[in-house]
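Every number for a ligand or one of its atoms is a count from 1 in the order of the listing. For the single chain, residues carry numbers from 1 onward in sequence order.
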Amino acid sequence: MAEIESKKSKAQIHNIRAAKTVSETVKSTLGPMGMDKLMLDGGGNVIVTNDGATILRELDVSHPGGKMIVEVAKTQESLCYDGTTSTVILAGQLLANSEALFERGLHPNVICRGYHEATGMAIKYLKDEISLSAENCRDTLIAVARTAITGKTLENAIDIVAELCVSAVEKAGDAESVKVVSFPGGSLEDSYLYSGSIVNKDYVLDGDDSYNNILLINTGLENEKSEDNVQVQLDAKSYQTYKASGKTTLISLAKNIVEALPKGGVVFVRDAVNDHVCAYLKKNNIMVVRRVPESSLRALSRITKASVYQTPDEIETSSVASVKREKHNDVWYLFVESKKKHNEATLVLRGATSHTLEEVERGFDDALGVVSLVLKNKNFVIGGGIAYARMAAHLRQHAAQIGGRAQMAIEAFADALEIIPATISENAGHDPLDTILAMRHEILRGNTSFGPNVEEGGVIDLADMGVFEPTELVKQAVLSASEVTNSILRIDDIVARRQVE
Ligand code: ADP
Ligand code: MG
């Protein structure tokens, strides 16, 4: 019996240790003064990043407990784009605090129940009391973007980047609809919002650099390949006729294109286009772009309101749109714009090297994501871990109402929440304990906007500084961290799969 008991706790202790190790790895990156990590990926490439999700993705975690923490970071990233480091640190601290409760004789089930109760209370308080309304306020969106960017490579151009992100999300409606294209070379300040679509393709045959009419075709212009494997014997003459007939049909189809584009232009085709057809069209001042992904065709159609023709027979008219060809780093791109009203937004990012550009892209993803969360849910909280500290204060006040041993777990949950402001302060080189005590003091006095002063230590009014983040981000971080903690605590044994001989 004793043996079974010790085996049980062993699995839990190992899982907790592994999870804590993973969480320790990302801890120093949290907050505006967080450090970066240099990593080598599988292919030996160097990655310099401050992004929790990226670090965890590249880490070679083999322990199941550690893997669960990596998964929770992925979930947070996919739901909220940002807040991955906070989620992982919070989960690590919840687990660490549960270890102390084990030692005091609490059963894992009691801890889980207490944590579950605490999560519900904390989230309710977050939504009802901490969250602020962000109805139609562009300044709030800008502040939210700035908060997500602080401490990242992007910070050097924070004004431009925040403005770009808000404009892009406002135009496109949400972060998913904003396309991001990056070109090495130039500086971050040269980045801009392009109100059109950029196709990563070139004309089949060389042509002019700009055209004013386009046509979209959702098929190919090639001789149909026979699907059946039939062998036919032909004499030389019939073979010539056979080949010529194929060519003639194609050219007659191509004539539809020429009729639709009398002054020349560009035809975007989803599939392959026969070289003869390309040559024939070029003679008529029509450029062919072939193998264009269907998603690009759809985007071009949304921008220019051009119809996407399913076959060349259906072609009726072309549409007005400006197509410009530009070369970046030896690759040609087509920039398509129109005067029609549309929601497409493409962010063109510039940066010196591909390493910095990758980190810039990750920063943009976070910023676009948080802006779209605030735009969608219309609420935000003051950042710097204040929301976590306020939830902690609320839990401590109400833990006694629950009673019994679960109360101890609720208090442990409250203590764990404070790890966020504490770590932000610690990473800035200040004493975390002083910061936490000062924050508790301010909260008690009803000052709800004082959080870590990363410049000078102690606390400062972060609402004045515009440190804002989406309510959803904090809510999801607490939910995910608590959920993964509960599942790790419930595991009492790790069973390996039997090796197949
Ligand atoms: P995450 O991956 O969790 O988003 P970050 O490294 O981006 O981690 O850090 C985010 C935390 O830093 C948030 O809690 C945010 O409110 C806080 N923060 C951002 N700017 C400031 C600031 N100027 N002062 C204090 N805290 C800040
Ligand atoms: Mg962040």
Short side-chain donor-acceptor distance under 3.5 Å, Glu361 and Ser182: yes

Expected output: side-chain Arg270 to main-chain Val292 donor-acceptor under 3.5 Å: no

Nearest-contact summary for atom 23 (N) of ligand 1 - protein heavy atom, Å: Val467 CG2, 3.7 Å

Heteroatoms of the protein, restricted to N/O/S, which lie under 2.8 Å from the Mg ion (ligand 2): Asp82 OD1

Within 6.0 Å of CD in Gln407, more than 12 heavy atoms from elsewhere: yes

NZ/NE/NH1/NH2 to OD/OE distance under 4.0 Å, Lys324 and Glu337: no

Residue-ligand contact Gly34/ligand 1, heavy atom below 4.0 Å: no

Ring geometry between Tyr125 and His394 (parallel below 30°, tilted from 30 to 60°, perpendicular above 60°): parallel

Closest protein heavy atom to atom 2 (O) of ligand 1, given as residue, atom name and distance to 0.1 Å: Thr85 OG1, 2.7 Å

Mutual orientation of the aromatic rings belonging to Tyr194 and Tyr192 [parallel < 30°, tilted 30-60°, perpendicular > 60°]: perpendicular

Ligand-side contact atoms (ligand 1) for residue partner Gly383, heavy atom cut-off under 4.0 Å: 16 (O)

CA sep, side-chain torsions, deciding dist, call: Lys27, Thr85, side-chain hydrogen bond (donor to acceptor under 3.5 Å, both in side chains): CA-CA 7 Å; Lys27 205 169 168 190; Thr85 319; over 6 Å; no

Shortest protein contact, atom 17 (C) of ligand 1 (heavy atom only): Ile424 CD1, 3.7 Å

Part of Thr29 within contact of ligand 1 (heavy atoms, under 4.0 Å): backbone

Closest protein heavy atom (residue, atom, distance) for atom 19 (C) of ligand 1: Thr147 CG2, 3.6 Å

Identity and separation of the nearest protein heavy atom to atom 4 (O) of ligand 1: Asp82 OD1, 2.8 Å

Nearest non-hydrogen protein atom, atom 7 (O) of ligand 1: Lys152 NZ, 3.8 Å

Short side-chain to backbone donor-acceptor contact, Lys179 and Val348, under 3.5 Å: no

Atoms of ligand 1, numbered as shown, that sit under 4.0 Å from any heavy atom of Glu469: 13 (C), 14 (O), 15 (C), 16 (O)

Heavy atom of Pro32, distance to ligand 1 below 4.0 Å: yes

Donor-acceptor contact below 3.5 Å, side chain Asp461 vs main chain Ala463: yes

For Gly31, the ligand 1 atoms whose distance to one of its heavy atoms is below 4.0 Å: 5 (P), 6 (O), 9 (O), 12 (O)

Any Met408 side-chain heavy atom under 4.5 Å of Leu106 side chain: yes

Exam field: side chain Ser177 to backbone Gly173, donor-acceptor pair closer than 3.5 Å: no

Trace of the side-chain hydrogen bond (donor to acceptor under 3.5 Å, both in side chains) decision for Ser425 with Thr435: CA-CA 7 Å; Ser425 170; Thr435 309; 2.7 Å; yes

Close side-chain approach of Glu71 to Val484, heavy-atom, < 4.5 Å: no

Atom 16 (O) of ligand 1: the protein heavy-atom neighbour that sits closest, reported with distance to 0.1 Å: Gly384 N, 2.6 Å

Distance from atom 3 (O) of ligand 1 to nearest protein heavy atom, with residue and atom: Ser86 OG, 2.6 Å

Under 4.0 Å to a heavy atom of Leu30 - the qualifying atoms of ligand 1, by number: 3 (O), 6 (O), 8 (O), 9 (O)

